[in-house]
Amino acid sequence: MTVTEPTHDPAGLTPGADLPSQFVPAQVEGPLYERWIERGYFTAGKPEDADKPPFTIVIPPPNVTGSLHLGHAFEHTLMDALTRRRRMQGYDALWLPGMDHAGIATQNVVERELAKEGLSRHDLGREAFVERVWQWKGESGGKILGQMRRLGDSVDWSRERFTMDEGLSRAVQTVFKKMYDDGLIYRAERIINWCPRCLTALSDIEVEHSEDDGELVSIRYGDGDDAIVVATTRAETMLGDTAVAVHPDDERYKHLVGTEVALPLTNRRIPIIADDHVDPGFGTGAVKVTPAHDPNDFEIGRRHDLPSLTILDERGVVTAHGPFEGLDRFEARPAVVAALREQGRIVAEKRPYVHSVGHCSRCGTTVEPRLSLQWFVRVETLAKAAGDAVREGKVAIHPTSLEGRYFAWVDDLHDWCISRQLWWGHRIPVWYGPSGETVCVGPDEQPPAGEGWVQDNDVLDTWFSSGLWPFSTLGWPDDTPDLRRFYPTSVLVTGYDILFFWVARMMLFGLYAMDGEQPFDVVALHGMVRDKHGKKMSKSFGNAVDPLDWMDAYGSDALRFTLARGANPGTDVPIGEEWVQGSRNFCNKLWNAARFALLNGATTAEPLPPAEQLSTVDRWLLSRLSALVAEVDADYEQFEFAKAAESLYHFVWDDFCDWYVELAKVPLAGGGEPARATRLVLGHALDTVLRLLHPVVPFVTEALWTSLTGGESLVVADWPARDATRLDPAAEAEVGALQDVVTEVRRFRSEQGLRPSQRVGARLAGLDAPGIAAHEPLIRSLTRLEVPEDGFAPTASLSVRTVKVELDLSGTIDIPAERARLTKDLAAARKELETATAKLANTDFIAKAPEPVIAKVRGRLTAAESDLERISAQLDALPAS
RNA sequence: GGGCGCUUAGCUCAGCGGGAGAGCGCUUCCCUGACACGGAAGAGGUCACAGGUUCAAUCCCUGUAGCGCCCACCA
């Protein structure tokens, strides 16, 4: 290492520079990110990396019009940590960024903007509207990119993609065409979920069900002996009834099956039919059948060849039915009931009834089942393959407890409605001819020319294009170097909430389009970020947090570390500002530990000396460090970020700062060979910890590491190797004993009310025992016990393990306090003795418990015995107050 | 209506067959020459309830209560 003259550099970016006493994230983050970008560290697939194994993550593309919320920050922290670690491990790591056009969501946002100007999309026309959305995308997308830079995301910006890119659009068209030709995409008239506000079809998962209050009314159809009573929560749909259905075995109605009944309020007569679907136990056992407005009824209608009568238009307004025409469905409902009541046909009054109602996941409007002509994906064979890929272990789902949800969905999937009556999205590449021809147009084909040909007006479900993301972003359908190198992707990191929306769809498409090759090897599912009381974050509830606010206040590292600490696989993450403050404190602690080390000449310029040349304390730290490397490495591998972060936190704060640094002050002050060794241990331990922490907290670690080592960058530094040779149980035991002694003396001091500044002379005995030998200076340093002067007169004593400490309290000992303390300890020791004795007296225990367990209890017994003896003696020796 | 999960310190959560843990909060003392975004020492829990299995249960099994999530075309 070249020796650099220390200069004042508040950012701490210059090797050898002085560090300020507080870590100031704002001074470090921007310059470091710039530097990383300039040096091209995040660019994958460079020629010189050709020999490295590839590692790929594609980002779950955020909605262009949005901004990143804490959930994104969480997800990005995990992906960045995985990517950075792999890069350090010597992989050619690609984290591919990008955004989603998010069809319906984006269109809604832009329409809302237009509404402020008093315009609708129809005022602009399709082309101008789409142009407007592109414009909006340009403005809005920038915010997300800025947030990603703030977070420190190590994405490969040269490969950024957007689902409406030309290349990705080609991929969409190619898949559509292939599926169309394979008969996996078809057009049909079906009952679909319709949003009367968004004016488009929705897929099943875009409908959210909630338990809503409704009213069940019973209506009498027909008169006299032929009368039949039906119940409904949607009275207005009776206008479209084309039958009444009963169960075939229902004796009450057998005589009526095959007859007709007059439909009230209209002059239509409708048949009474028998169908298994009807539950004779529910209500009256008779059901009104409205094929055009209920999926079940549609099926019944098909079975019985009933006509479908549509009575609501696309906005949910009643069409052409006398007095009700022009009424909204929710106005029509009470109007119809009132009219029926007037005719005396309401036989049971309205009854409150809670039932499940579907709502548009985008706008909350009650979904209307609607009969219409739409495009569908035939899902059966694709879903089977998607299920099998997980069953056969080709794709692993983490945590496995969430596999069940995946199977439940994939194994029972209805055909997927993919057409949307929107303008923003991939237009369906199908053209209709003047004489009813239908032509699906591939990406490199020209649409049919000539009079009368028109393209389908609809666009594709936004999840159609995001389902292609793992390969469309890598250049498919072309056989590109990227595709060959980086597909299948390594890990998919995403929330369990879009397991169905996205993960399952990528599986369907990936396996289909890539000839059975899975889109990713592992799916790592994370939970949702919640507020500090575990409540869902939402803007309307007022508990949503902009990650930028916390990054501004506490730094990106603090936010990232907080999120990582909460990342138990698959479980939700509560987060509050106090948590982030705690992480900020941790970063600052780390900063100051490094500052101490640098101030005291810590270095990595020379190799770590062999164990024989190191003190017990040094060997202890390196042993702990060795265990830490193994733990953290294994935890990262299993996506156990919370555990990894926790281990690192405690190593840094407890082992390194509270013990090692304090202990190191003694040899450092002494100089010579011990000081030299200490500087090396400080340097190497810090170096390793910074490497281990870098994936999670990239900024502080980078700033400190370059200062400490003078190295180029942690981003491209090597990941620490596990090294079991530094494990040293003897040193750990010895320092454990030392810690016990120190803690006990401190406790004594504290309970005696002795201030740290108060000089206390003490004589230490029993230091000849193994483990404590030669640690007297350390003990004195950490407990602030002075070497006794002439005329030392001990007035108090305590003993821990083999060590006896006699103190000169100059007659100020607080006898009642000491008696209370000892009495409490005595009681604890007695209890311990009792339980251990009882256990060992149990013959079943002796006979059946494994030997190590018994040995442990024996050990506890002897320890308790000696404690008892020791404490009793101390109590006896205590002068009467 | 199905399926899954949760109930551990004031709060948020780890742990999971053999001596109850963390962070924050709380109490006392301390601005000691890395750090007050700090240091030291503490208090605080019949691990929801009831049975069962076991030498041993917070941990396994059964049931009860409360909470949460997902799925579902029952009028």
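Not measured: the values here are computed from a predicted model. Each chain gets a letter, A, B and so on, in the order its sequence line appears, and its residues count up from 1.
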For B:rC61 versus B:rU7, give the span between their P atoms, rounded off to a whole number of Å.
14 Å
Need one value for A:Asp297: base, sugar-phosphate or nothing, where a base atom within 4.0 Å counts as base even if backbone is also close, heavy atoms only.
nothing
When you compare B:rG68 with B:rG51, how far apart are their C1' atoms, in angstrom units rounded to a whole number?
26 Å
Under 4.0 Å, heavy atoms only, any strand: does A:Phe500 hit a base, just the sugar-phosphate, or nothing?
sugar-phosphate
Please tell me whether A:Ser361 and A:Glu206 have a donor and an acceptor in their side chains that are separated by less than 3.5 angstrom.
no
Give the rounded distance in Å between these two atoms: CG of A:Leu402 and P of B:rG3.
18 Å
With A:Ala558, which residues qualify under side chain to side chain contact (heavy atoms under 4.5 Å, CB included), at least two apart?
A:Tyr554, A:Val580, A:Ser583, A:Arg584
Does A:Lys535 have a side-chain nitrogen or oxygen under 4.0 Å from the phosphate oxygens OP1 or OP2 of B:rG68?
no
Hey, is the side chain of A:Arg405 poking within less than 4.0 Å of OP1 or OP2 on B:rC4, counting only N and O atoms?
no
B:rC37 base to A:Arg584 side chain: any donor-acceptor pair below 3.5 Å?
yes
Give me the distance, rounded to whole Å, that separates B:rU53 from B:rG19 when you measure between the P atoms they each carry.
22 Å
Interatomic distance, A:Phe407 CZ vs B:rC71 P [rounded to whole Å]
18 Å
Would A:Arg405 pass as a cation-pi partner of A:Tyr496, given that its NZ or CZ must be under 6.0 Å from the six-membered ring centre and within 45 degrees of the axis?
yes
Pairs meeting criterion salt bridge (charged side-chain N to carboxylate O under 4.0 Å, His left out) with involvement of residues 643-661 of chain A, two or more places apart:
A:Arg565-A:Glu646, A:Arg624-A:Asp655, A:Glu640-A:Lys643
Distance check: side-chain N/O of A:Lys824 vs OP1/OP2 of B:rA43, anything under 4.0 Å?
yes
My understanding is that only one of A:Thr290, A:Asp297, A:Ile273 makes a side chain to side chain contact (heavy atoms under 4.5 Å, CB included) with A:Leu306; could you say which?
A:Ile273
With sugar-phosphate meaning primed atoms plus P, OP1 and OP2, does A:Val289 contact a base, only sugar-phosphate, or nothing at under 4.0 Å between heavy atoms?
nothing
Across all chains, not counting sequence neighbours, the ring-ring contact (aromatic ring centres under 6.0 Å, His included) partners of A:Phe501 are A:Trp463
Would you be so kind as to tabulate the donor-acceptor pairs closer than 3.5 Å made by side chains of residues 843-850 of chain A, with sequence neighbours excluded?
none

So does A:Gln581 reach the base of B:rC37 with its side chain, donor to acceptor, closer than 3.5 Å?
no
Tell me what A:Ser356 touches on the nucleic acid: a base, only sugar-phosphate, or nothing, going by heavy atoms under 4.0 Å.
base
Relative to the ring of A:Phe586, is the ring of A:Phe561 parallel (under 30°), tilted (30 to 60°) or perpendicular (over 60°)?
parallel
Whole-angstrom distance between B:rU12 and B:rG18, as gauged at atom C1'
29 Å
Distance check, C1' atoms only: B:rA48 and B:rG5, in whole angstrom units.
16 Å
Sorted by position of nearest nucleotide on RNA chain B, 5' first, the leading residue of A:Lys288 and A:Phe596 is A:Phe596
Contacts of A:Asp557 meeting side chain to side chain contact (heavy atoms under 4.5 Å, CB included) (sequence neighbours excluded), chain-then-number -> A:Phe23, A:Cys587, A:Val697, A:Pro698, A:Phe699, A:Val700
Sticking with atom C1', work out how far B:rG17 lies from B:rC55, rounded to a whole angstrom.
12 Å
Mapping A:Asp844 and A:Ser21 to their closest nucleotides on RNA chain B, which lands nearer the 5' end?
A:Ser21
Describe the nucleic acid contact of A:Cys657 in one word from base, sugar-phosphate, nothing, applying a heavy-atom distance below 4.0 Å.
base
A:Phe376: what forms a ring-ring contact (aromatic ring centres under 6.0 Å, His included) with it, not counting sequence neighbours?
A:Tyr186
If the P atom of B:rC37 is compared with that of B:rC71, how far apart are they to the nearest Å?
46 Å
Dot-bracket for RNA chain B: what is it, with Watson-Crick or G-U pairs under 3.5 Å, [ ] where a pair crosses earlier ones, and | for a pair to another strand?
((((((((.[[[[.)..(..]]]].(((((.......))))).....[[[[[..)....]]]]])))))))....
Describe the nucleic acid contact of A:Asp279 in one word from base, sugar-phosphate, nothing, applying a heavy-atom distance below 4.0 Å.
base
Atom pair distance, as rounded to whole Å: OH in A:Tyr496 and C1' in B:rC71
14 Å
Quick one, give me the B/S/- string for nucleotides 8-28 of chain B, reading 5' to 3', where B means a protein heavy atom under 4.0 Å from the base and S means that only happens at the primed atoms, P, OP1 or OP2.
----SSS---BB--SS-----
Protein-nucleotide distance (A:Leu798, atom CG; B:rA41, atom C1'), rounded to Å:
14 Å
Classify the ring geometry of A:His526 against A:Phe74: parallel below 30°, tilted from 30° to 60°, perpendicular beyond 60°.
perpendicular
Just the rounded figure in Å: distance from P of B:rA75 to CZ of A:Arg220.
24 Å
Please pick, from B:rA72, B:rC35, B:rC69, the nucleotide with the shortest atom-to-atom distance to any side-chain atom of A:Glu211.
B:rA72
With hydrogens left out and only the distance checked, is there a donor-acceptor pair under 3.5 Å joining A:Glu662's side chain and the base of B:rA34?
yes
For B:rA14 versus B:rG21, give the span between their C1' atoms, rounded off to a whole number of Å.
7 Å
Expressed as a whole number of angstroms, how long is the span from A:Trp659:CH2 to B:rG39:P?
13 Å
Using a cut-off of 4.0 Å on non-hydrogen atoms, how would the nucleic acid contact of A:Val278 be classed: base, sugar-phosphate, or nothing?
base
Atom NE2 of A:His277 to atom C1' of B:rA75: distance rounded to whole Å?
7 Å
Sequence neighbours left out, what passes ring-ring contact (aromatic ring centres under 6.0 Å, His included) with A:His355? Give chain and number order.
A:Tyr353
When rounded to whole Å, the OH to C1' distance for the pair A:Tyr221 and B:rA75 reads 11 Å
